[in-house]
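Written below as structure tokens is the structure these notes are about.
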Amino acid sequence: AALPMGLQRLYCQRLRFSCRYPKAELFLSELKRLGVNGGATSQLKPGELRRLLLHWPAPGDKEGVSLNWDLLVLLTRRDEH
């Protein structure tokens, strides 16, 4: 990706992470414990949560719930002009 004018790239690396949970409920409770709510101002109602969980893998699924994300580490400095 292009940097804004006046910035020099010193370091750029993409780090990949993943974790697995046996059930979606454990994944969602971990997010809640960490305070991750995506900026939501209210919690899901019980019926909304049930509908959401219907789309996650079943608890008996060997794979469970997988979460994957990338983190971009970018170090820049301003050009000295």
**Request:** Would you please name every residue forming a ring pair (Phe, Tyr, Trp, His ring centres under 6.0 Å) with F17, sequence neighbours left out?
**Result:** W69
**Prompt:** T76: what forms a side-chain contact (heavy atoms from CB on, under 4.5 Å) with it, not counting sequence neighbours?
**Reply:** L3, L7, L74
**Request:** List in chain and number order the residues that pass side chain to side chain donor-acceptor pair (under 3.5 Å) with Q13, two or more places apart in sequence or in another chain; answer none if no residue qualifies.
**Result:** Y11
**Test side chain to side chain donor-acceptor pair (under 3.5 Å) applied to R14 - qualifying residues, sequence neighbours left out** =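 If we apply the side chain to side chain donor-acceptor pair (under 3.5 Å) test to R14, skipping adjacent residues, there are no hits.
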**Asked** Passes side chain to side chain contact (heavy atoms under 4.5 Å, CB included), V73 versus L15? Steps please.
**Response** CA-CA 8 Å; V73 179; L15 304 173; 3.9 Å; yes
**Message:** Which residues pass the salt bridge (charged side-chain N to carboxylate O under 4.0 Å, His left out) test with R50, not counting sequence neighbours?
**Reply:**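 Partners of R50 by the salt bridge (charged side-chain N to carboxylate O under 4.0 Å, His left out) criterion come out as none, since no residue qualifies.
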**Request:** Working to the nearest 0.5 Å, report the span between CG of L75 and CD of Q8.
**Result:** 10.0 Å
**Item:** Derivation of the side chain to side chain contact (heavy atoms under 4.5 Å, CB included) call for C12 and L72
**Value:** CA-CA 7 Å; C12 181; L72 179 65; 3.7 Å; yes
